[in-house]
Amino acid sequence: QEEDICLAVNAETNQLMHYQPMTKRGFQIDISRFDANPSLQMRYDLEYGHVSVCSPEALSLFTDEFDWQDLHNDFVPGVLYSEILSYQIHTHIVTEGYSGRLTSLNSYGAMGRDIIHRWSYPLVPDVNLFCDSSYEYFHPGVYKEENVSLSQSCVIGEDTLIGSRTKVGELAKVSDSVIGRGCTIGSGAQISGCIIFANVSIGANAKLTDCIVCEDVDIMSGVEVEKNSVIGGGVILGEGVKISEGTRIAAAKRNKDAEDDDDDFGDDDFEDGDKEEEEMVTDRAVVGELGRGWVWKPEEDETESLIAELVSLKVEDDEGDDECEGESDDEDDDDEDEDSGQKGALTFEQEVEDIVRRGVEEDVKADNISMEVNSRKFAHDKSFGDCSCVILVTMLRTMPFVASRKEAFAGVQKLVKKWSGLIKKFARSADDQQATIEAMEAFVLEEQWKVHKLMMPILKTCYDEDIFEDEAILNWAQDAKEREDDGSAKTLVAECKTLLDYLEEDDDDDDDDDEDDE
């Protein structure tokens, strides 16, 4: 889901003067921009069209500013507020037509609904731009091709598209869904908010909610697929199985040597008689005894699991390092490789920690610190989340210890507010922010700071400064409650109860407002 953007545009020249994501606490703009542009116009009713017309110099800027990763989130703010660059950005506001960009499953579903709702007219199904399509539009919001068989007792709700040669059984209910060609929907099946590709068989009394089902899938009777799930092509779900929310299931597992063997690309993994291969790629506990498929999960970067541990590790002094190196001479090659990987991770932490500590103590400009940290990020192939974990904890550790809890609170607020711009550069996504909060646990649980209960003041200040989103804080709290440890994480969550209650209540209010708008 994209952020809501607030723009300030010169009404006479259409030059973009201000660009900022809208937050729950509104937005901030330098008043001096009104002095230089008396006809400045504030716009909050626009969406980014993902179309940019740039001069050749724009490409070179991405080379010079190597920490810019995105045109929308990095390039535009970087050009607008740079004290060095003198480039201008002008806007063109489109008042008719439709545009969108597919970047995720969420945007895929949203754009599909826009087309069904006819926002993209004349690019709608019943125009039949393709020679082999024969869609007709029926009120309310139903598109149907020729040769569709609907039983008399089935219920087809609005915002539904059904392809040719599809059969819908007795008492079946279909709403807010796209059904491909050649599908079979059994009696009593319920389909809501789904995208069903071609040649899918759905058994009697199956229930599918807000999911994607790819081609040639066989879903047997009584199956339940919960929201945000994706069922890959060729999967078979046995009778009565339940696919939990957010599950991805694939039919064929790629061989370990497939990357080195281009000849195997596209081979059938389920040839007759190859039972061992079928057993290897099928998770019977998930898809049932008669099913076929396995749960797909993205491969995690090998260093991501070290993020929280890096900050809490105590780095040994030079003598200890030399002693460890002497002992490692007798270890085998595998152990040496593992040790070298850990030392590399520790080296990254040490380097960033030195950069940040020196920058805070010498009051170096945040942009200069950011540039140095970015150079270490690329040198060690780390993520923004890896950097933000070390940056915030290192900053907090520069605070001198004070006996008064009130003084400790004031110190935290002053430090975070001063360096909020630097932390924001690296704590970009909700996942990065959550990892940073988890890394911060080690600091607030240190013996000297534990008595002050600093977790909530730090989170509150970071939230007020738009460093942490409410989603990141709430996700951290939920994960901490479920974590199996000595109970320290649950204690920190309990200390933050007032803030968490406020954020949850605020989220509920926003949801109510959205429902009222609809």
Side-chain angles (χ1 to χ4, degrees), residues 2-3 5-6 18-23 25 27-30 61-85 87 89 304 307 310-311 348-349 351-398 412-440 458-459 461-473:
E2 294 184 356
E3 296 176 308
I5 300 297
C6 180
H18 181 71
Y19 180 94
Q20 177 188 337
M22 179 66 75
T23 66
R25 291 171 295 283
F27 63 95
Q28 298 175 342
I29 184 172
D30 188 354
L61 286 178
F62 276 98
T63 303
D64 298 336
E65 304 291 339
F66 50 81
D67 60 328
W68 288 358
Q69 302 292 316
D70 183 81
L71 190 71
H72 182 40
N73 296 318
D74 299 325
F75 178 84
V76 173
V79 170
L80 282 182
Y81 303 111
S82 174
E83 298 178 358
I84 301 174
L85 303 175
Y87 298 110
I89 298 176
E304 285 184 355
I307 291 177
L310 284 179
V311 184
F348 164 76
E349 185 202 13
E351 291 178 359
V352 175
E353 188 175 326
D354 291 342
I355 292 169
V356 175
R357 181 179 289 107
R358 185 181 70 252
V360 173
E361 293 174 352
E362 299 178 6
D363 199 20
V364 178
K365 287 186 177 180
D367 288 343
N368 294 343
I369 298 176
S370 173
M371 185 175 297
E372 288 193 62
V373 173
N374 263 310
S375 68
R376 306 323 306 151
K377 168 183 172 291
F378 285 104
H380 291 274
D381 192 22
K382 297 293 181 176
S383 67
F384 286 105
D386 295 326
C387 298
S388 64
C389 288
V390 182
I391 289 172
L392 181 55
V393 175
T394 301
M395 285 181 176
L396 293 172
R397 283 180 173 154
T398 62
V412 164
Q413 288 184 327
K414 181 179 179 181
L415 188 69
V416 173
K417 287 181 178 180
K418 180 177 180 179
W419 298 102
S420 61
L422 175 62
I423 305 172
K424 287 180 187 178
K425 287 178 178 289
F426 295 93
R428 299 188 171 198
S429 67
D431 290 339
D432 293 340
Q433 295 163 19
Q434 183 179 346
T436 305
I437 298 173
E438 291 174 359
M440 198 169 62
I458 297 175
L459 290 180
T461 306
C462 289
Y463 176 73
D464 291 339
E465 295 297 316
D466 292 332
I467 297 173
F468 293 158
E469 302 172 6
D470 52 357
E471 177 187 356
I473 298 175

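The ring pair (Phe, Tyr, Trp, His ring centres under 6.0 Å) check on Phe75 picks up Phe62, Trp68, with sequence neighbours excluded. Residues meeting the side-chain contact (heavy atoms from CB on, under 4.5 Å) test with Asp354, sequence neighbours left out: Arg357. Asp431 meets the salt bridge (charged side-chain N to carboxylate O under 4.0 Å, His left out) test with no other residue; sequence neighbours excluded. With sequence neighbours excluded, the residues forming a side chain to side chain donor-acceptor pair (under 3.5 Å) with Ser429 are Asp432, listed by chain and number. Qualifying side chain to side chain donor-acceptor pair (under 3.5 Å) partners for Lys414, counting only residues two or more places apart in sequence or in other chains: none.
Summarising the geometry of Lys417 relative to Thr461, their closest heavy-atom pair is CG-CG2, 4.3 Å, with the distance given to 0.1 Å. Pairing each heavy atom of Ile369 with each of Gly359, the nearest pair is CD1-CA, 3.7 Å. Closest approach of Val390 and Glu349 over heavy atoms only: CG1-O, 3.9 Å. For Phe468 against Tyr463, the heavy-atom pair with the smallest separation is O-CD1, 3.5 Å. Considering all non-hydrogen atoms of both residues, Leu422 and Ala366 come closest at CD1-O, 3.7 Å.
Cation-pi contact between Lys377 and Phe384: present, with separation from the ring centre below 6.0 Å and deviation from the ring axis of at most 45°.
The CD atom of Gln433 sits 11.0 Å away from the SG atom of Cys389 when rounded to the nearest 0.5 Å. Note: Leu392 CG to Ser420 OG = 11.5 Å, rounded to the nearest 0.5 Å. To the nearest 0.5 Å, atom CG of residue Asp464 and atom CD of residue Gln413 are 8.0 Å apart. Taking CZ of Arg428 as the start and OG of Ser388 as the end, the distance is 10.5 Å to the nearest 0.5 Å. Between Met440 atom CE and Glu438 atom CD the span is 10.5 Å, to the nearest 0.5 Å. Within the model, atoms CD of Gln434 and CD of Glu471 stand 9.0 Å from one another, a figure rounded to the nearest 0.5 Å.
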Begin from the C-alpha positions of Thr436 and Phe426 and carry the test side-chain contact (heavy atoms from CB on, under 4.5 Å) through to its verdict. CA-CA 10 Å; Thr436 305; Phe426 295 93; over 6 Å; no

Please step through side-chain contact (heavy atoms from CB on, under 4.5 Å) for the pair Ile391 and Lys425, ending with a clear verdict. CA-CA 11 Å; Ile391 289 172; Lys425 287 178 178 289; over 6 Å; no

Please report the C-alpha distance between Met395 and Ile423 in whole Å, then the side-chain angles of each, then the deciding distance to 0.1 Å, and finally whether the side-chain contact (heavy atoms from CB on, under 4.5 Å) criterion is met. CA-CA 10 Å; Met395 285 181 176; Ile423 305 172; 4.1 Å; yes

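Using a 4.5 Å heavy-atom cutoff, the side chains of Val364 and Arg358 are not in contact. At least one side-chain heavy atom of Asp363 sits under 4.5 Å from a side-chain heavy atom of Lys418. You'll find the side chain of Trp419 reaches within 4.5 Å of the side chain of Leu415, heavy atoms only.
Defined by atom type and a distance below 3.5 Å, a donor-acceptor pair is present between the side-chain atoms of Asp386 and Ser383.
The backbone N or O of Glu465 sits less than 3.5 Å from a side-chain atom of Lys424, completing a donor-acceptor pair. A distance-only check finds no donor-acceptor pair linking the side chain of Glu353 to the backbone of Thr394 [under 3.5 Å].
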